[in-house]
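The structure under discussion appears below in the form of structure tokens.
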Amino acid sequence: MKTAEQLRKINKNRVIDQVCYVTDDYKRTIQYFVEKLDIGPWFILENTDDSSRNVKLDGKDVTEPWKFYIAHAKVGDMTIEVIQPEFGADPYHEFLKKHGPGIHHIKESIYSGDDNLKKFVDELVEKGHTIKYQGYYMEDIYYYLDVDKELGGFYEIGNSAVCSSHPRFVGYYPEE
């Protein structure tokens, strides 16, 4: 086990910049965030199989159609994400069935290049972690480590790329 000082040094520059809730009704969820917690405004997207590539679930290529909604809001440097699955293969349906609505994952961003991102993910896999879900959304690369048994959800690692466009923009809440 690492010492407290070793952990401080390792974690000094790491960035956890997202918390994600999974829900069966994103509109109700973001309305609650706005009305009860003053969190917003929300940027809402529809993500589908034709706006992503190289998507894998449990190590297998996802080839059938899928769709889910994503809403984002910033609180300081943190992004709050809300995802509502609609259909197809993804880790969100399974989570809802097992846990109900709630915190699905936190995300660590690796901003030092995609090669460093891949190296970090490979190191975590070598330590015994399995990748539940992975792929590309536009320029964004993401990997979900399956820590559900140990921590009750997933640990996402990605490059958090600023996407040049979003093919399925739904809107804002509240509207601008």
Side-chain angles (χ1 to χ4, degrees), residues 15-58 60-97 99-114 117-118 121 131-145 153-176:
V15 178
I16 303 294
D17 63 358
Q18 183 188 91
V19 175
C20 175
Y21 288 83
V22 170
T23 181
D24 55 2
D25 185 341
Y26 83 87
K27 291 177 183 177
R28 181 188 72 231
T29 303
I30 65 176
Q31 181 180 9
Y32 182 90
F33 271 111
V34 169
E35 293 178 3
K36 303 293 186 181
L37 299 171
D38 293 330
I39 293 176
W42 294 85
F43 180 81
I44 306 160
L45 300 170
E46 178 186 274
N47 194 2
T48 65
D49 53 285
D50 64 352
S51 58
S52 296
R53 64 188 192 288
N54 298 338
V55 177
K56 295 182 182 205
L57 181 65
D58 295 321
K60 298 178 182 131
D61 291 333
V62 176
T63 57
E64 67 272 7
W66 52 268
K67 178 171 102 172
F68 54 86
Y69 291 98
I70 305 172
H72 291 108
K74 292 295 276 187
V75 178
D77 293 334
M78 179 72 64
T79 298
I80 307 296
E81 179 178 65
V82 172
I83 293 179
Q84 175 189 320
E86 286 292 297
F87 59 83
D90 61 54
Y92 314 117
H93 282 98
E94 181 181 312
F95 182 87
L96 279 172
K97 189 175 186 180
H99 300 285
I103 295 176
H104 181 267
H105 65 265
I106 62 171
K107 182 176 185 178
E108 179 174 355
S109 294
I110 307 297
Y111 294 111
S112 58
D114 295 347
L117 168 64
K118 180 67 172 127
V121 170
I131 297 173
K132 175 72 173 178
Y133 192 55
Q134 70 185 77
Y136 293 78
Y137 172 78
M138 310 301 286
E139 298 93 337
D140 188 44
I141 304 169
Y142 57 89
Y143 299 88
Y144 287 36
L145 296 182
F154 299 91
Y155 191 82
E156 182 181 1
I157 302 161
N159 65 351
S160 294
V162 175
C163 296
S164 56
S165 66
H166 297 285
R168 291 202 162 48
F169 174 69
V170 174
Y172 295 101
Y173 182 80
E175 292 184 11
E176 296 202 348

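In what follows, every heavy atom counts, from backbone to side chain, and hydrogens, waters and symmetry copies are set aside. A quick note: this is a predicted structure, and the numbers were derived from the prediction, not measured.
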(message) Check the orientation of Phe169 and Phe43. Use parallel for under 30°, tilted for 30 to 60°, and perpendicular for over 60°.
(response) tilted
(message) Using modelled atom types and a 3.5 Å cut-off, is there a donor and acceptor pairing between side-chain atoms of Asp140 and backbone atoms of Ser160?
(response) yes
(message) Just so I know, are the side chains of Pro101 and Thr29 near enough to count as touching, which here means a heavy-atom distance under 4.5 Å?
(response) no
(message) Do Ile80 and Met78 make a side-chain contact, defined as non-hydrogen atoms from C-beta onward lying under 4.5 Å apart?
(response) yes
(message) Looking at every non-hydrogen atom in both residues, tell me the closest pair between His105 and Tyr155 and how far apart they are.
(response) CB-N, 4.5 Å
(message) Is it the case that the side chain of Lys97 and the backbone of Gly100 share a donor-acceptor pair, with hydrogens and angles ignored and the cut-off at 3.5 Å?
(response) no
(request) State, with a plain yes or no, whether a side-chain heavy atom of Asp17 is found less than 4.5 Å away from one of Thr79. (result) no
(message) On a heavy-atom basis, which atom in Gly40 and which in Ala73 lie closest, and how many Å separate them?
(response) CA-CB, 3.9 Å
(message) What I'd like to find out is whether the side chain of Asp58 reaches to under 4.5 Å of the side chain of Lys132, using heavy atoms alone.
(response) yes
(request) For Lys56, look at atom NZ and say whether over 12 heavy atoms of other residues, nucleotides or ligands are found less than 6.0 Å away. (result) no
(request) Check whether any side-chain heavy atom of Tyr173 sits under 4.5 Å from a side-chain heavy atom of Lys27, and report yes or no. (result) no
(message) Please give me the minimum heavy-atom distance between Ser52 and Tyr137, naming the atom from each residue.
(response) OG-CD1, 3.7 Å
(request) Hey, can you tell me if Tyr92 and Tyr133 have their rings parallel, tilted or perpendicular (30° and 60° cut-offs)? (result) perpendicular
(message) With rounding to the nearest 0.5 angstrom, report the CD1 to CD distance, Ile16 to Glu156.
(response) 10.5 Å
(request) Report yes if some heavy atom in the side chain of Trp66 is under 4.5 Å from a heavy atom in the side chain of Leu57; otherwise report no. (result) no
(request) Mind checking the CZ-OG1 spacing from Phe87 to Thr48? Nearest 0.5 Å is all I need. (result) 8.0 Å
(message) To the nearest 0.5 Å, what is the distance between NZ on Lys107 and OH on Tyr142?
(response) 10.0 Å
(request) Let me see the working for His93 and Phe68 under ring-ring contact (aromatic ring centres under 6.0 Å, His included), right down to the final yes or no. (result) CA-CA 10 Å; His93 282 98; Phe68 54 86; 9.0 Å; no
(message) Tell me the closest heavy-atom pair linking Asn159 and Glu139, and the distance in Å.
(response) ND2-O, 3.2 Å
(request) Could you tell me which non-hydrogen atom of Asp49 sits nearest to which non-hydrogen atom of Pro65, and how far apart they are? (result) OD1-CA, 3.4 Å
(request) Indicate the atoms forming the closest heavy-atom contact of Glu46 with Val170, along with that distance. (result) N-CG2, 3.7 Å
(message) Once rounded to the nearest 0.5 Å, what's the spacing between atom CG of Asp61 and atom CZ of Arg53?
(response) 13.5 Å
(request) Taking the side chain as every heavy atom from C-beta outward, state whether Leu37 and Val75 have any pair of such atoms under 4.5 Å apart. (result) no
(request) Look up atom CG in Asp90 and atom CD1 in Ile83, then write down how far apart they are to the nearest 0.5 Å. (result) 8.5 Å
(request) Could you grab the distance from atom CD1 of Ile110 to atom CD1 of Ile141, nearest 0.5 Å is fine? (result) 11.5 Å
(request) Please work out which of the three classes, parallel, tilted or perpendicular, describes the rings of Phe33 and Tyr21, given edges at 30° and 60°. (result) perpendicular
